[in-house]
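Notes follow the structure.
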Amino acid sequence: MKFASIDIGSNAVRLLFCNVMEDKGRAVFKKTELIRIPLRLGEDAFLRKRITKQKADRLVTTMKAFKHLISVHDVVDYRACATAALRTATNSEEIIKRIRREANLPVSIIDGKTEANIIYANHAEENLEHDASYMYIDIGGGSTEITLITNGKCVASKSFNIGTIL
């Protein structure tokens with residue numbers, strides 16, 4: 001089965017396609033394609049506190065293209081999330097409504113905690129020694145998520161409003 005996810009970030013908008021198969025009763029994920037469009041929404045959101053019409057237009061166009069790609073890839077399900085730039089922009093709700101209307105694509109603006117949980121859900125801990133502790137750090141354009149992993153389990157995670165742009 002093929003799934004897709006869209007990440008509307010502060011630096012870029014990314015579309016990931018992933019095949020999910022079963023192997024010995026366990027789900028196995030295989031990335032098949034990643035498309036990245038560098039829109040730099042954070043430049044507007046963090047400096048002007050709103051997304052300009054030009055960048056909003058480019059975002060909507062990108063989302064229309066992504067919706068078409070999701071359709072031709074015949075995915076069984078997808079999720080679209082927006083992070084720090086749209087969390088910050090005062091006009092994010094109108095942009096989200098416009099994407100839903102023009103691209104027929106629902107987008108959720110997620111908080112930092114949810115973002116940290118999604119990042120942890122990438123199963124990076126499966127490649128770590130289970131009797132040790134690790135700090136997993138994801139530095140984005142507008143936020144940084146830090147996750148503490150001990151004995152193969154997430155024991156704490158936190159999102160900070162600081163990134164490569166902000």
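Note that the coordinates shown come from a computational prediction; the quantities given were computed from them, not determined experimentally.
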Report yes if the side chains of Leu15 and Ile70 come closer than 4.5 Å at any heavy-atom pair, otherwise no. yes
Are Leu105 and Ile110 linked, directly or through intermediate hydrophobic residues, by side-chain heavy-atom contacts shorter than 4.5 Å (ILVMFWY only)? no
Ala85 and Ala45 have their tightest heavy-atom pair at O-CB, 3.2 Å
Heavy-atom side-chain proximity of Glu93 to Ile109 below 4.5 angstrom: yes
From Ile99 atom CD1 to Ile6 atom CD1, the distance as rounded to the nearest 0.5 Å: 9.0 Å
What's the shortest heavy-atom distance between Thr150 and Ser133, and which atoms? OG1-OG, 3.1 Å
Using modelled atom types and a 3.5 Å cut-off, is there a donor and acceptor pairing between side-chain atoms of Thr32 and backbone atoms of Phe17? yes
Working to the nearest 0.5 Å, report the span between CD1 of Ile51 and CD of Glu43. 10.0 Å
Ser92 side chain to Arg87 backbone, donor-acceptor under 3.5 Å: no
Tightest non-hydrogen contact, residues Phe29 and Cys18, listed as CB-SG, 3.8 Å
Taking the side chain from Asp23 and the backbone from Arg26, do they hold a donor-acceptor pair closer than 3.5 Å? no
I need the Ser143 OG to Asp111 CG distance, nearest 0.5 Å. 10.5 Å
Between Ser10 and Phe46 the two heavy atoms that sit nearest each other are OG-CZ, 3.4 Å
Please tabulate, for the side chains in residues 59-67, all donor-acceptor contacts under 3.5 angstrom to protein atoms that are two or more places apart in sequence or on a different chain.
from  : atom 1 : to     : atom 2 : distance (Å)
Thr61 : OG1    : Asp57  : O      : 3.0
Thr62 : OG1    : Arg58  : O      : 2.8
Lys67 : NZ     : Tyr78  : OH     : 3.0
Lys67 : NZ     : Asn104 : O      : 3.1

Testing the basics here: between Ala80 and Pro106, what is the closest heavy-atom pair and its distance to 0.1 Å? CB-O, 3.5 Å
Set out, in order, the CA-CA distance, both residues' side-chain angles and the distance that settles side-chain hydrogen bond (donor to acceptor under 3.5 Å, both in side chains) for Thr52 and Asp44, then state yes or no. CA-CA 7 Å; Thr52 61; Asp44 286 357; 2.7 Å; yes
Where do Val75 and Phe3 come nearest, in terms of heavy atoms and distance? CG1-C, 4.0 Å
Spacing of OG1 belonging to Thr83 relative to CD1 belonging to Ile8, to within rounding of 0.5 Å: 8.5 Å
Does Glu33 reach the side chain of Leu16, with side-chain heavy atoms less than 4.5 Å apart? no
May I ask you to test the Asn91-Lys53 pair for a side-chain heavy-atom distance under 4.5 Å? no
Side chain of Lys55, backbone of Arg40: donor and acceptor closer than 3.5 Å? yes
Donor-acceptor pair, distance only, cut-off 3.5 Å: does the side chain of Thr90 make one with the backbone of Lys49? yes
Steps toward side chain to side chain contact (heavy atoms under 4.5 Å, CB included) verdict (Val76, Val20): CA-CA 11 Å; Val76 295; Val20 181; over 6 Å; no
Residues passing the side chain to side chain donor-acceptor pair (under 3.5 Å) test with Arg79, sequence neighbours excluded, are none
Is it the case that the side chain of Arg14 and the backbone of Ile35 share a donor-acceptor pair, with hydrogens and angles ignored and the cut-off at 3.5 Å? no
Indicate whether the side chain of Glu145 and that of Thr147 have a donor and an acceptor atom separated by less than 3.5 Å. no
Going hydrophobic residue to hydrophobic residue with side-chain gaps under 4.5 angstrom, can you get from Met1 over to Val28? no
Between Met135 and Ile146, does the side chain to side chain contact (heavy atoms under 4.5 Å, CB included) criterion hold? Intermediate values first, please. CA-CA 7 Å; Met135 186 177 302; Ile146 300 176; 3.5 Å; yes
